[in-house]
Every structure is written in structure tokens, then in C-alpha cells.
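For reference, the structure is listed below as C-alpha cells.
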Amino acid sequence: MDEIGDLIDLERYPLERTGSQEWSALVERCRAAHRENDCVNLPAFVRADALAAFAREAWVLIERQGYRKSHLRTALFNQGDPSKPAGHPANRLFREQSLQIANDQIGDTLIRRIYEWQPLTDFIAAVEGCERLYRMADEFQALNLIAHETGNGLPWHFDVNNFTVTLLLQASEAGGEFVFVPEMRSGQDVDFTRMERLFEGDVSFVHTTERSGGTLTLFRGRNALHAVTAVKGPTPRITAVMTYDEKPDCVASERGNAFVYGPRVEAIYRERARVP
């Protein structure tokens with residue numbers, strides 16, 4: 001697999017032909033999907049004959065080095081808000097369980113070739129209406145691999161970045177569905193009324209997105225509350241998370257990275273603090 005065209009279906013998604021009629025039409029279709037569905041799915045973005053290689057490579061890394069995460073957190077990615085009552089949805093704790101690989105653990109791999117391919121970055125910028133877009137500069141968050149095994153999913157949460165780009169490398173036999181509620185947050189204002197209804201079991205306003213392996217998804221996760229339902233069956237659900245920002249030097253806080261990536265990253269920061 002020497003060429004990017006061996007990995008991505010460039011006939012269906014002509015990302016390398018920036019500014020062409022076909023490229024512009026694809027960008028407009030994706031913008032329309034954002035407007036209509038709050039989510040853009042590009043199925044079979046990864047070629048079918050290459051997908052198994054992506055999944056194998058990712059699972060080898062995850063099995064060898066993955067951080068087995070199991071912690072409690074709220075949908076706002078903290079331990080709660082003491083200024084609000086105990087029963088407030090901002091204080092509802094969820095158990096997050098997954099296997100995760102950080103950017104610094106992902107070497108020269110197929111997924112990194114896609115992430116660092118500039119036409120993909122330029123295409124995402126056009127879809128999201130960004131004058132310029134950069135791959136995130138954070139050594140841990142830029143590119144991640146996440147696996148959910150049977151019984152595990154991703155609890156309700158918001159993202160820190162304005163939009164999220166994921167590539168589903170391997171789907172589970174059942175479960176593992178991507179679900180979301182659009183416009184649950186605007187700026188710093190959270191619709192806690194709807195959030196409480198959701199947490200009490202009202203799913204009437206929840207959107208479900210069907211995705212198969214090889215699907216690239218663009219999603220505005222800062223404003224939409226979203227989750228992945230529990231995986232069923234022996235095949236892990238494996239996702240690559242590719243992070244971008246409009247600033248070239250965007251990095252996360254040490255505290256945030258230590259929370260997300262656990263003891264290994266905490267130890268890296270402690271060691272650096274000792275160096276004069």
C-alpha cells in the first residue's frame with residue numbers, strides 16, 4: 001500500500017483534486033449534511049480491500065500499549081459541579097471504560113498516513129468553513145485510537161473542540177451505535193432541562209447514525225451531546241479520532257491530558273517537571 005489511493009477511495013471522494021468541480025460538489029454535499037443532519041458520514045472512505053489492514057494494525061497497538069480506562073465522570077468531563085444540587089444533571093456520573101492509545105504511541109502507521117495527508121486537512125477545513133485548519137499540536141491528543149469491547153461504550157459527553165473527525169476502523173457485531181442530541185450546548189450555555197429528560201429515559205430527541213467500518217464522520221461535538229451505545233459481541237469496536245484546530249499551536253492542559261490518558265502521561269509530566 002504505497003499510495004494514498006490504495007487506502008482512500010479517491011474515485012468516490014476526490015480529495016486530492018482540491019478546487020475541482022467534483023471536489024467542490026463533495027464539499028457542498030457535506031455542508032448540506034451538516035445543516036440537515038448535524039453529522040456528516042462518508043461511508044467506505046477507506047477502501048474495502050485496505051480496511052482489514054487498518055484494523056489489524058490498530059488492534060496490535062491497542063493490545064500491546066492500550067491504557068485500560070475505567071473512571072467516573074460527568075457529561076461535562078469533570079467530577080461534578082458543587083454549586084449545583086446533587087441530583088442536577090451536571091452532577092450525573094457515568095462510568096467510562098475503553099482501551100485507548102495516545103498520539104505519541106502511534107508511529108508510522110496507515111492511520112497516521114491518512115491523518116497527515118494535507119488534502120484531507122484542507123477538505124475538512126472547507127466543509128467546516130475554516131479559513132485555515134491545522135492538525136492539533138498536542139503530543140497526546142492529536143491522533144488517538146480507541147477500542148470498546150463487549151459491554152462497553154462511550155457515555156454521554158460534549159467534546160472540547162468545535163468539531164470532531166472520526167474514522168471507524170472496525171465495527172462490532174451489534175451495539176456500538178453513535179447517538180447524539182444536536183444543539184444541547186450553545187457557547188457556555190447547556191440545555192440542562194433536555195439533558196435531565198434524557199438522563200431520565202426520554203430518548204425522543206436522540207439521533208442515531210448508522211455507520212459501517214471504513215466510515216469517516218465529521219461531527220460538531222462541542223454543541224451536541226453524544227455517546228456510543230454498549231458494544232455487543234466479541235469483536236471490539238475500533239475508532240481513530242483525528243483532531244484539528246484553527247490555531248497551529250493548539251495543545252491541551254497537562255491536567256486534562258493526565259485525566260484522559262492516565263498514569264503513563266502523569267509520569268511523563270512529573271519527569272519533565274524535575275528537569276531544571
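- Take D81 and apply the side chain to side chain donor-acceptor pair (under 3.5 Å) test, not counting sequence neighbours, and it matches S83, K84.
- Surrounding NZ of K232 are at most 12 heavy atoms belonging to other residues, nucleotides or ligands under 6.0 Å away.
- Aromatic ring centres of Y261 and Y67: separated by at least 6.0 Å.
- Residues meeting the side-chain contact (heavy atoms from CB on, under 4.5 Å) test with E57, sequence neighbours left out: T109, L110.
- Taking R92 as the reference, F94, F199 meet the side-chain contact (heavy atoms from CB on, under 4.5 Å) condition, with sequence neighbours excluded.
- No hydrogens or angles considered: nothing links the side chains of D122 and T18 as a donor-acceptor pair under 3.5 Å.
- Applying the salt bridge (charged side-chain N to carboxylate O under 4.0 Å, His left out) criterion to R68, with sequence neighbours excluded, gives E149.
- Remark: E116 pairs with R112 by the salt bridge (charged side-chain N to carboxylate O under 4.0 Å, His left out) rule, at least two apart or across chains.
- F219 has its ring centre less than 6.0 Å from the ring centre of F178.
- Looking at heavy atoms from C-beta onward, E139 lies out of side-chain contact with V251 at the 4.5 angstrom threshold.
- By the salt bridge (charged side-chain N to carboxylate O under 4.0 Å, His left out) test, R211 is found to be paired with no residue, residues two or more places apart in sequence or in another chain being considered.
- Taken together through direct or relayed side-chain contacts under 4.5 Å among Ile, Leu, Val, Met, Phe, Trp and Tyr, V179 and L225 form part of one hydrophobic cluster.
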